[in-house]
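What you see is a predicted model; the values in this text were computed from it and never measured. Values below: every heavy atom of this structure, side chains too, minus hydrogens, waters and symmetry copies. Every chain is numbered from 1 and lettered A, B, ... according to where its sequence line falls, protein lines coming before strand lines.
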Amino acid sequence: MSDNTNPTHKPVLLAAKQVAKHFGGVKALRDVSLTIRQGEIYGLIGPNGAGKTTFFNCMTGLYIPDGGGFDFTGTPLVADAPDQAAARGIARTFQNIRLFGNMSALENVMVGRHVRTRAGVIGAMFNSAATRAEEAAIRERAMALLHYVDIAERADDLAKNLSYGEQRRLEIARALATEPKLLCLDEPAAGMNATETGELRELIEGIRGDGTTVLLIEHDVKLVMGLCDRVAVLDYGALVIEDVPAVVQNDQRVIEAYLGA
Amino acid sequence: MSIKNWLLPRSTVGIGLIAIALIALPFALATGGQAWVRIANFAILYVFLALGLNIVVGLAGLLDLGYIAFYAVGAYTWALLASPHFGLHLPVWAILPIGAACACVAGVLLGSPTLKLRGDYLAIVTLGFGEIVRIFMNNLNAPINITNGAQGITLIDPVKIGDFSFAGNSTIFGLTLSGPQKYYFLLVALALLVIVVNLRLQNSRIGRAWQAIREDEIAAKAVGINTRNVKLLAFAMGASFGGIAGGVFAAMQGFVSPESFSLIESVMILAMVVLGGMGHIPGVILGAVLLAILPEALRYGVAPLQQLLFGKVLVDPESLRMLIFGLALVLVMRFKPAGLWPAPERKAHGNPNPEEGRA
């Protein structure tokens, strides 16, 4: 990651502009603005309840922000349209893994190809040549992604029967299947041991190496500081700081937010 | 290798045996009377309906308790377009697509306002929809007589292909076929078509999207599935199958009335899907055939059996029929909760703690 430590000259991929969200009286996000540049690994950290996942949900269209909005590759993202966000190139994983439990690992990844393929009901009914070709391509790509995250041998097992670490990897493979420009990982290292976290780190660096920008929500400060090019800190729904890890680590406000003032 | 491999129609021998059995069946049944052929025909019709409902309930996971409404729409479409009621006598190739299209529109009409509902709430709304359709059929005889109300529509045209009518006896290659036997072969052909279409849909891009919605709607949205359109598609496809089945039903019976489309019919079809194995096509077929034939077999078997054992009929066959039927359902749900013939992967790894109902 030597040439990526200072990516300030790279074009902006995602710009959050004064995003606000409240649930009743609770202000989950207070005018959060930040920019993610192409090709970087961007960390979003903060204490529990700081609004990290809410930010994710607003960005991926699951929540409608009460104020502000997002620009993605220069044009605004439509709120409340998760399928369009995926089509534009934003893919995500979930903090509490959300796989399609009664479908095989391979099928899970194949569902991820949905947004990049076109076959409809008529094509399927008549099993047209175009449909068959597309189906073969979907299967091949899905299998390649399972190899990529190193769980190819579990392809035919039901997702719910995979181990915790495998499920995390499968969720990443499913997200990658949508060919994202920006991959958002919501606490991917939660519940992992040191070895698994190390493997995850290699996987994330590999994904960035392939040209995908990564947004990472994480509690594991060591992982974030070692892996990310830039880090943003949220506290009580407000942005505290957005900078390179070395600066963030020594910021007084961050230390207070984490250790308590 | 194992019994299972032998039973599954993988080999040419297996397919051949099933084909011979399917061809021989109406002739074997006819020796016991045409009534048995009619029962077989209804069993196939129920296979049709159960496969259609399986798309909505089994694949997309949308609990639909008003499915019979689409059957009714298809049946009435045929009845109105091919009977003396309006003096219309359109040919099959025109009516069946129109019936399917009408049912499809009804499916979208039901689907669009219920998109945000799921589980019990969706079940209640669809149940209401089924009743609304039936009540409409019952009351649309005034001020303009459209459906002829509770009396129903009679003298409906049978299926006719060219000059060949499916009603009455006819002789083909020296074989005399009765009306029900001819319908049997028509229904088997249609059912095979429906099974092929279902299998293809299930293993298609759209089929996977349906299953993804069933498994986790939020995750399905996040991977870019337009859940609104894909759900509507499930309603529309399921309804179309129901509409075609309804059309064949009307032609076969020659008579439709609202009482054929009561809530209990919807419940029956749902029971077929659930009992057989939700989302698993062979299981759904098994469930449909069993539940269609079992009550009839009991109806014909219970009275003679009592006569034989006790010398007289102690319990009214009709009430005993429902009793045994209910008991069978309870036992299956207790000992085979995933259905009689569930999808093999689910059977292999029974999950003791399925994570249900997280929204």
Side-chain angles (χ1 to χ4, degrees), chain A residues 56-57 60-62 80-94 96-104 107-127 131-132 134-135 138-139 156-161 171 174-175 177-180 184, chain B residues 55 58-59 61 104 193-194 196-230 232-234 236-237 240-241 278-280 338 342-356 358-359:
Chain A
F56 251 43
N57 287 342
T60 51
L62 290 176
D80 194 26
D83 55 306
Q84 285 181 41
R88 290 278 303 274
I90 299 178
R92 68 170 292 175
T93 64
F94 292 87
N96 46 344
I97 306 169
R98 302 191 88 123
L99 288 166
F100 308 124
N102 284 309
M103 299 172 79
S104 73
E107 283 174 324
N108 267 272
V109 185
M110 287 170 84
V111 171
R113 296 297 299 156
H114 183 93
V115 72
R116 301 287 169 228
T117 45
R118 334 179 24 93
V121 164
I122 305 292
M125 274 201 251
F126 293 102
N127 202 17
T131 306
R132 269 176 291 156
E134 188 184 274
E135 192 71 3
I138 291 173
R139 188 170 288 272
D156 294 326
D157 290 313
L158 292 190
K160 68 180 180 194
N161 294 326
E171 219 187 6
R174 184 181 69 187
T178 66
E179 290 172 26
C184 310
Chain B
I55 292 178
L59 291 186
C104 182
L193 201 69
V194 169
V196 168
V197 167
N198 260 274
L199 282 170
R200 284 182 176 172
L201 279 179
Q202 181 170 3
N203 298 316
S204 71
R205 170 175 174 264
I206 300 294
R208 280 190 301 271
W210 284 334
Q211 293 169 65
I213 290 174
R214 176 193 72 197
E215 294 296 317
D216 190 326
E217 192 168 341
I218 288 177
K221 278 182 184 167
V223 293
I225 293 171
N226 184 329
T227 51
R228 185 195 59 202
N229 292 357
V230 172
L232 278 182
L233 202 55
M237 288 305 300
S240 308
F241 282 118
M278 261 203 270
H280 187 226
E345 42 189 21
R346 288 193 207 182
K347 201 170 63 181
H349 316 265
N351 187 353
N353 273 324
E355 257 187 280
E356 294 293 339
R358 45 174 192 179

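Between the CZ atom of B/R208 and the OG1 atom of A/T117 there is a distance of 7.5 Å, given to the nearest 0.5 Å. Considering CZ of A/R132 and CZ of B/R200, their distance stands at 8.0 Å, rounded to 0.5 Å. Interatomic distance, B/I206 CD1 to A/T131 OG1, rounded to the nearest 0.5 Å: 10.5 Å. Between the CG atom in B/L199 and the CG atom in A/N127 there is a gap of 11.0 Å [rounded to 0.5 Å]. In this structure, A/M125 CE and B/N198 CG are separated by 10.0 Å, a value rounded to the nearest 0.5 Å.
Side-chain contact check for A/D83 versus B/T227: every heavy-atom pair is 4.5 Å or farther apart.
Of all non-hydrogen atoms in A/V115 and B/G224, the two that sit nearest each other are CG2-O, 3.9 Å. Listed here is the closest heavy atom pair of B/V223 and A/F100: CG2-CZ, 4.4 Å.
Each of A/R113, A/H114, A/E134 has some count of heavy-atom pairs under 4.5 Å with chain B, and the biggest count is that of A/H114. Heavy-atom pairs under 4.5 Å with chain B were tallied for A/G61, A/P82, A/A85; the largest tally goes to A/P82. Taking chain A as the reference chain and counting heavy-atom pairs below 4.5 Å, the highest number among B/S204, B/A222, B/A212 is found for B/A212. Ranked by heavy-atom pairs under 4.5 Å with chain B, the list A/R116, A/R174, A/R92, A/R88 is led by A/R174.
Using modelled atom types, no side-chain atom of B/E215 and backbone atom of A/L99 make a donor-acceptor pair closer than 3.5 Å. Within the 3.5 Å criterion, the main-chain N or O of A/A119 finds a donor-acceptor partner in the side chain of B/R205.
Using a 4.5 Å cut-off between heavy atoms, A/R118 touches chain B through its backbone atoms (N, CA, C, O) alone. The part of A/T178 that comes within reach of chain B is its side chain, from C-beta onward, which places non-hydrogen atoms under 4.5 angstrom from that chain. Heavy atoms of B/I225 lying under 4.5 Å from chain A belong to its backbone as well as its side chain. There is no contact between A/Q84 and chain B, counting heavy-atom distances below 4.5 Å. Contact annotation for B/N203: only backbone heavy atoms (N, CA, C, O) come within less than 4.5 Å of a heavy atom of chain A.
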Worksheet item: Is there a side chain to side chain contact (heavy atoms under 4.5 Å, CB included) between B/Q211 and A/V111 once you walk through the steps?
Response: CA-CA 9 Å; B/Q211 293 169 65; A/V111 171; over 6 Å; no

